[in-house]
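Residue numbers begin at 1 in each chain, while the letters A, B, ... track the order of the sequences. All of these numbers come straight from a predicted model, not from anything done at the bench.
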Amino acid sequence: MKELVIISGKGGTGKTSVAASFAALAENAVVADCDVDAADLHLVLEPQVLDRHDFSGGFNATVRTVQCSGCGTCLQLCRFGAVNLDRGRAQIDPIACEGCGVCSHFCPEEAIDFSPSINGQWFLSTTCHGPMVHARLGIAQENSGKLVSLIRKQAKQIAANEDRNLIIIDGSPGIGCPVIASLTGADQLLAVTEPTMSGRHDLKRVADLAAHFGSPLAVCINKWDLNPDLTRLIEDDARQRKLPVVGRIRYDRAVTDAQIHRRTVVEHTPSGAATDIKKLWQAISTLLSAPQTPKNHP
Amino acid sequence: MNQHVAIASGKGGTGKTTIAANLAFLWARLGRQVLYVDCDVEAPNGHIFLHPKIEQRLPATTTVPQIAKDLCGLCGRCGSFCHYNALLCLPDQVLTFPELCHGCGGCIRLCPHQAISEVPREIGRIEMGTAGSVNFASGLLNIGEAMSPPLIRSLKNSLIESDLTIIDAPPGTSCPVIESIRHCDYTLLVTEPTPFGLNDLQLAVEMLRALDQPFGVVINRAGLDDRPLLDYCLKEQLPILAQLPDDRRVAEAYSRGELVCSVLTDFQQLFAALLAAVDMVLQQKKANLTTGRAS
């Protein structure tokens with residue numbers, strides 16, 4: 001079983017459009033949306049939810065007002081500015097609270113409850129291209145990394161149970177917590193970038209991240225013809241780092257159009273960007289089926 | 001009076017940086033004292049468009065526990081207290097995982113042997129400088145660091161006072177965004193008329209409502225499939241402050257790292273109108289505060 005994770009460094013480069021098309025092109029894959037912060041894959045793959053679960057990744061502190069003496073210990077100890085004193089009683093701002101438990105532990109009146117919080121929901125679903133695991137992190141909730149790990153675990157479980165040989169993961173933008181949770185230990189990463197100065201800058205950061213965790217990374221350029229010179233520069237950057245450049249996708253209104261019609265690009269149109277994505281898929285499949293995936297090191 | 005305007009969006013790539021950088025540029029040109037702050041510390045891009053001269057680089061640190069082995073009684077209390085699994089108590093030693101630590105200080109307080117102290121750990125850096133008449137500040141998270149909120153916090157704490165501070169927020173609706181936009185006077189939510197754009201705008205709107213902060217919407221790449229987005233804004237009574245048309249020239253200018261306002265005059269007018277709209281909201285807020293104080 002292989003795990004392919006699509007990442008980008010920068011947001012809005014087309015990760016989800018590529019992931020959805022891959023889901024349509026792959027046979028026998030499990031799909032997972034690990035961009036829990038702004039999950040969009042369900043808008044294209046329209047999953048039918050079979051099973052939903054609450055996700056509890058952290059803790060919440062709440063003050064039992066009757067017992068609170070207003071001594072201010074919690075206010076003094078909280079390093080996240082989450083405590084206010086209101087009319088002589090402590091109050092905890094759930095948005096600022098990081099769930100560390102200091103206030104509860106050190107409250108002399110034992111007036112602060114500390115209990116697991118519900119941070120979101122995750123779903124096991126079916127789509128016309130196979131099973132899908134996805135989630136919704138609650139608004140202003142933390143622990144996206146934990147939720148991502150849970151989604152990956154579930155996807156692996158399904159792949160094992162149903163004897164599916166590929167997991168396609170739509171990752172999140174950036175290089176922080178959810179991305180790290182998405183990519184550690186994956187068999188192959190694919191960075192979707194675009195030929196912009198920002199895209200080039202952010203690709204470097206995400207390539208450093210992949211190298212840091214020793215995960216093999218391949219690169220493709222979306223909307224490449226928007227700036228062919230920069231496309232070449234980015235591809236040169238990639239080659240210098242010994243990263244395989246596996247494809248170019250042209251700037252094509254059909255991509256947005258497919259999204260608007262809630263279809264994958266490859267199903268929506270036979271030509272243009274769809275042709276490019278099919279070629280990209282071929283190249284990635286070859287990489288994935290290679291006996292030993294080359295690892296890039298820092 | 002120092003006012004803070006945040007530029008945020010549920011989804012990445014909708015044009016936050018374009019809008020934040022162009023507004024900073026135009027406001028400064030009108031003679032306002034402007035500070036642009038790039039809080040997208042995982043993928044900061046503002047410098048690409050504003051070309052700041054960096055005058056100061058500071059390490060950004062967070063504090064993490066350090067165990068004095070000779071004092072540690074191996075009682076295991078720190079490990080069982082830590083909710084982030086940053087301390088692991090083994091029979092013969094305590095291991096620390098600094099990258100998991102949120103720096104709450106709980107372990108230090110409860111250690112009966114005073115064996116834990118706090119040491120700084122670098123998680124990234126803060127850069128400050130000037131881009132023409134715009135003051136510039138930005139944070140850069142070190143590779144492999146999971147948590148950006150402490151860096152954003154430290155970036156916001158090191159800012160100089162300014163007449164107007166523009167916060168370029170990271171994408172999404174979780175901790176890094178909230179850390180960036182908390183306590184801002186006004187937030188512009190940038191979206192685009194696609195199903196992804198609408199879905200992510202809805203999440204961002206829920207976030208702003210949970211924070212109980214005023215905000216307005218800017219539609220970028222307008223003209224694609226606007227009806228569902230406009231219907232949503234109407235239904236939710238969200239003020240639309242600007243609609244910037246979908247235009248390949250903008251994408252191309254962006255790709256070259258150019259400020260749209262300095263190369264496309266028609267867009268300069270659109271941005272000037274947006275600026276005027278935001279200015280009006282800010283003036284109103286200021287006026288309300290003054291009358292509030294007077295009464």
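Among B/Arg109, B/Lys16, B/Glu192, the residue making the largest number of heavy-atom pairs under 4.5 Å with chain A is B/Arg109. Note on B/Cys175, B/Gly257, B/Gly144, B/Gly106: by heavy-atom pairs under 4.5 Å with chain A, the leading option is B/Gly144. Looking only at heavy-atom pairs under 4.5 Å with chain A, the residue among B/Thr17, B/Asn199, B/Thr14, B/Asp40 that has the most is B/Asn199. For the options A/Gly145, A/Pro173, A/Gly9, A/Gly99, heavy-atom pairs under 4.5 Å to chain B are most numerous at A/Gly99. When the candidates B/Cys104, B/Gly13, B/Ala210, B/Gly10 are compared by the number of heavy-atom contacts under 4.5 Å with chain A, B/Cys104 comes out ahead. Among the candidates B/Met207, B/Glu206, B/Glu99, the residue making the largest number of heavy-atom pairs closer than 4.5 Å to chain A is B/Glu206. Most heavy-atom pairs under 4.5 Å with chain A: of the set B/Arg248, B/Lys11, B/Arg221, this distinction falls to B/Arg248. Your options are A/Gln141, A/Glu194, A/Arg79, and the one with the most heavy-atom pairs under 4.5 Å with chain B is A/Arg79.
Within a 6.0 Å radius of CZ in A/Arg253, no more than 12 heavy atoms belonging to other residues, nucleotides or ligands are found.
Listed by chain and number, the residues in a side-chain hydrogen bond (donor to acceptor under 3.5 Å, both in side chains) with B/Thr187 amount to none (sequence neighbours excluded). Remark: A/Ser144 engages no residue in a side-chain hydrogen bond (donor to acceptor under 3.5 Å, both in side chains) (not counting sequence neighbours). By the ring-ring contact (aromatic ring centres under 6.0 Å, His included) test, B/His102 pairs with B/Tyr84, sequence neighbours left out.
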Step-by-step side-chain contact (heavy atoms from CB on, under 4.5 Å) determination, A/Asp93 to B/Arg182: CA-CA 12 Å; A/Asp93 172 359; B/Arg182 275 180 83 193; 3.6 Å; yes
Derivation of the side-chain contact (heavy atoms from CB on, under 4.5 Å) call for A/Arg136 and B/Leu203: CA-CA 10 Å; A/Arg136 194 186 150 160; B/Leu203 298 175; 3.3 Å; yes
Step-by-step side-chain contact (heavy atoms from CB on, under 4.5 Å) determination, A/Val44 to B/Phe196: CA-CA 9 Å; A/Val44 181; B/Phe196 292 2; 3.7 Å; yes
Evaluation steps, side-chain contact (heavy atoms from CB on, under 4.5 Å), between B/Glu179 and A/Phe80: CA-CA 11 Å; B/Glu179 193 61 53; A/Phe80 308 108; over 6 Å; no
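For a residue to count as touching a neighbouring chain, one of its non-hydrogen atoms must lie under 4.5 Å from one of that chain's; by this rule B/Ile48 touches chain A with the side chain only. Contact annotation for B/Val177: neither backbone nor side-chain heavy atoms come within less than 4.5 Å of a heavy atom of chain A.
Between the side chain of B/Glu42 and the backbone N or O of A/Gly176 there is at least one donor-acceptor pair closer than 3.5 Å. Under a 3.5 Å cut-off, the side chain of A/Arg205 and the backbone N or O of B/Ala43 do not form any donor-acceptor pair. Between the side chain of A/His201 and the backbone N or O of B/Pro44, at least one donor-acceptor pair lies under 3.5 Å.
At a heavy-atom separation below 4.5 angstrom, chain A is approached by B/Glu145, B/Ala146, B/Arg153 within residues 145-156 of chain B.
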